[in-house]
Amino acid sequence: MEKENKENVMEKIVSLCKRRGFVFQGSEIYGGLAGTWDYGPYGSELAHNIKELWWKHFISEQENIFGISSATIMSEAVWKASGHLSGFTDPVIECKKCHHRFRADHLAEENKKKNSCPDCGGELGEEKTFNLMFPVGMGSSSTDIAYLRGEIAQGMFVNFKNILDTMHPELPFGLAQIGKAYRNEIAPRDFLFRVREFDLMEFEYFIREEDWEKYFQMWKEEMWRWIERVGIKRDMVHELEVAPEDRAHYSKRTVDFEFDYPFGRKELYGLAYRTDHDLKNHSASSGVDLSYFDEKSKEKFIPHVIEPTFGHGRTLLAVLVSAFREDEMGGETRTYLALPASIAPVKAAIFPLLKNKPELVAKAREVYKLIKKEIPQVVFDDNGNIGKRYRRQDEIGTPFCITIDFDTLGENLEMKDTVTIRDRDSGEQKRMPVSELVDHIKSSIK
Ligand code: ATP
């Protein structure tokens, strides 16, 4: 019963995303391209707001983390040195009958035991390893191969010396970025959860080796603060100490943050102690000295690294799952997204009570322009009855709906230049002077 409900929630979220312009299938008019999704207007706004909040949380509000933005196509030499060309693999099994391919480590125990295909019951072939990196041909020569980055971390490592030389940071310090990563996943699935092109938000925190446990703990705590700030339900997130045999090839300790998605408890974020693996290998392979010189102690050494990683699409999905609500209002079932105002695609919607009263429409447009000057993410809507307009905004998570009525125009003199402002979650309305609206909305956007 429980599972049915959860699957139902997933279906409802996917359908809301399509219906309301959050997320569409990639290359949809040609039948879709597996593992790719396109963000529509509200989805792009939500996606952008999450990135902006992350940048604020982990870069702008920190003292010693530098934001960069590196190229997504990177030299083959980078991936050789990082170990990705040899070690960035998943185990794959192909069905001999229907030729569907599965991740061997994701196959159900029952299928493994019987050696039978989950799709057609056919016999499964042998387990092989499959490299997830996407090669790309560069320029006109077919022999010049580069790679779409499989993780964004390498962009930070190859720029380590540039940052030392230009910013002269002192340890500990971080390099952060947000951007695309590409993985040729064997079986993309579960909407935005496992895709072939996705954004990552990530930083490398460079430290002295002896401090790694201290900073591992510090960033673990900060990751929890982020989880709450972005609107992911804390009780749906669980830490998992990753066993040595399951850790990535570069990691000496990994803690995964798993989320209770409707399709099961799965990885949301990762926190890894990458040691000096990457800088050491890049130093050796490129011949460029990537060590750090401590001016005070006069020591020269290769720093170690703590890496908190945040999948952006998985964040957006966890935020939607956390925010999705159904209740009853005015005798009808209503769907709404209880998104934090800081990431809601629209912060407020402004309505004239009636569409066919020019004086109401004119006043509503005046209020709309006044607010829009200060808070750009507001909309004007005079389409349909007021109840329908509320429902439309609830469904996309707009925290406030503001209605201009005859009292605003001065029909009741005491209420001239006041409006009703409705709270999304409770549906409660109160009257407020137009002059207080901007501050009221701004105070909710933290
Ligand atoms: P998984 O075990 O789920 O394949 P991973 O352990 O390979 O993930 P990492 O290499 O730690 O993942 O990637 C860092 C983060 O990138 C993950 O925590 C996750 O949020 C995100 N991520 C990884 N693979 C995908 C994917 N195919 N689609 C969307 N997000 C992903």
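Computation of the quantities below employed the complete heavy-atom set of this structure, encompassing side-chain atoms and omitting hydrogens, waters and symmetry-equivalent molecules. Whatever order the structure lists them in is the order used to number ligands and atoms, beginning at 1.
- Contacts between Arg183 and ligand 1 below 4.0 angstrom, taking non-hydrogen atoms only, involve the side chain exclusively.
- Which parts of ligand 1 touch Leu268 is read off a 4.0 Å heavy-atom cut-off, strictly below it: atoms 18 (O), 19 (C), 20 (O).
- The shortest N/O to N/O separation between Gly311 and ligand 1 falls below 3.5 Å.
- Contacts of Asp90 with ligand 1, taken as heavy-atom pairs under 4.0 Å, are absent altogether.
- At a heavy-atom distance under 4.0 Å, only side-chain atoms of Glu267, from C-beta outward, approach ligand 1.
- With hydrogens left out, the protein atom closest to atom 16 (O) of ligand 1 is Leu200 CD2, 3.1 Å, a heavy atom.
- With hydrogens left out, the protein atom closest to atom 19 (C) of ligand 1 is Arg314 NH1, 3.5 Å, a heavy atom.
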**OP:** Check step by step if side chain to side chain contact (heavy atoms under 4.5 Å, CB included) holds for Glu151 and Trp79.
**Re:** CA-CA 10 Å; Glu151 60 167 20; Trp79 304 108; 4.1 Å; yes
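- Residue contacts with ligand 1 for Arg103 involve side-chain atoms from C-beta outward but no N, CA, C or O (heavy atoms, distance under 4.0 Å).
- Between Leu317 atom CG and Ile232 atom CD1 the span is 9.5 Å, to the nearest 0.5 Å.
- Some N or O of Phe193 is nearer than 3.5 Å to an N or O of ligand 1, by distance alone.
- Of all protein heavy atoms, the one lying nearest to atom 22 (N) of ligand 1 is Phe198 CE1, 3.6 Å.
- Between Thr309 and ligand 1, no N or O atom pair is found at a separation short of 3.5 Å.
- Enclosure of atom NZ in Lys252 is not indicated, since only 12 or fewer non-hydrogen atoms of other residues, nucleotides or ligands lie within 6.0 angstrom.
- Lys96 has a carboxylate O that lies under 4.0 Å from a charged side-chain N of Glu123, or vice versa, which qualifies the two as a salt bridge.
- Each of Phe66, Tyr292, Phe160, Phe301 was scored for a ring-ring contact (aromatic ring centres under 6.0 Å, His included) with Phe206, with one residue passing: Phe160.
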**OP:** Dump the intermediate steps for side chain to side chain donor-acceptor pair (under 3.5 Å) on Asp260 and His238, then the final yes or no.
**Re:** CA-CA 8 Å; Asp260 292 325; His238 313 271; 2.8 Å; yes
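- Contact check on Glu61 versus Arg229 returns a salt bridge, with a Lys/Arg side-chain nitrogen under 4.0 Å from an Asp/Glu carboxylate oxygen.
- Listed by number with element, the atoms of ligand 1 under 4.0 Å from a non-hydrogen atom of Glu185 are 24 (N), 26 (C), 27 (N).
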**OP:** Start with the C-alpha gap between Glu197 and Thr36, add the side-chain angles, then the distance that decides, and say whether side chain to side chain donor-acceptor pair (under 3.5 Å) holds.
**Re:** CA-CA 6 Å; Glu197 172 185 332; Thr36 66; over 6 Å; no
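- Between Arg103 and Asp105 there is a salt bridge, with a side-chain nitrogen of the basic residue lying less than 4.0 Å from a carboxylate oxygen of the acidic one.
- On a distance-only criterion, Leu192 and ligand 1 share no N/O pair closer than 3.5 Å.
- Taking distance alone, with nitrogen or oxygen atoms compared against 3.5 Å, Val195 approaches ligand 1 more closely than that limit.
- Between the side chains of Glu221 and Gln217, a donor-acceptor pair is found at a separation under 3.5 Å.
- Counting heavy atoms only, Arg194 comes closest to atom 3 (O) of ligand 1 of the residues Arg196, Glu307, Arg194.
- Inclusion of Tyr250 in the set of residues having an N or O under 3.5 Å from an N or O of ligand 1 is not warranted.
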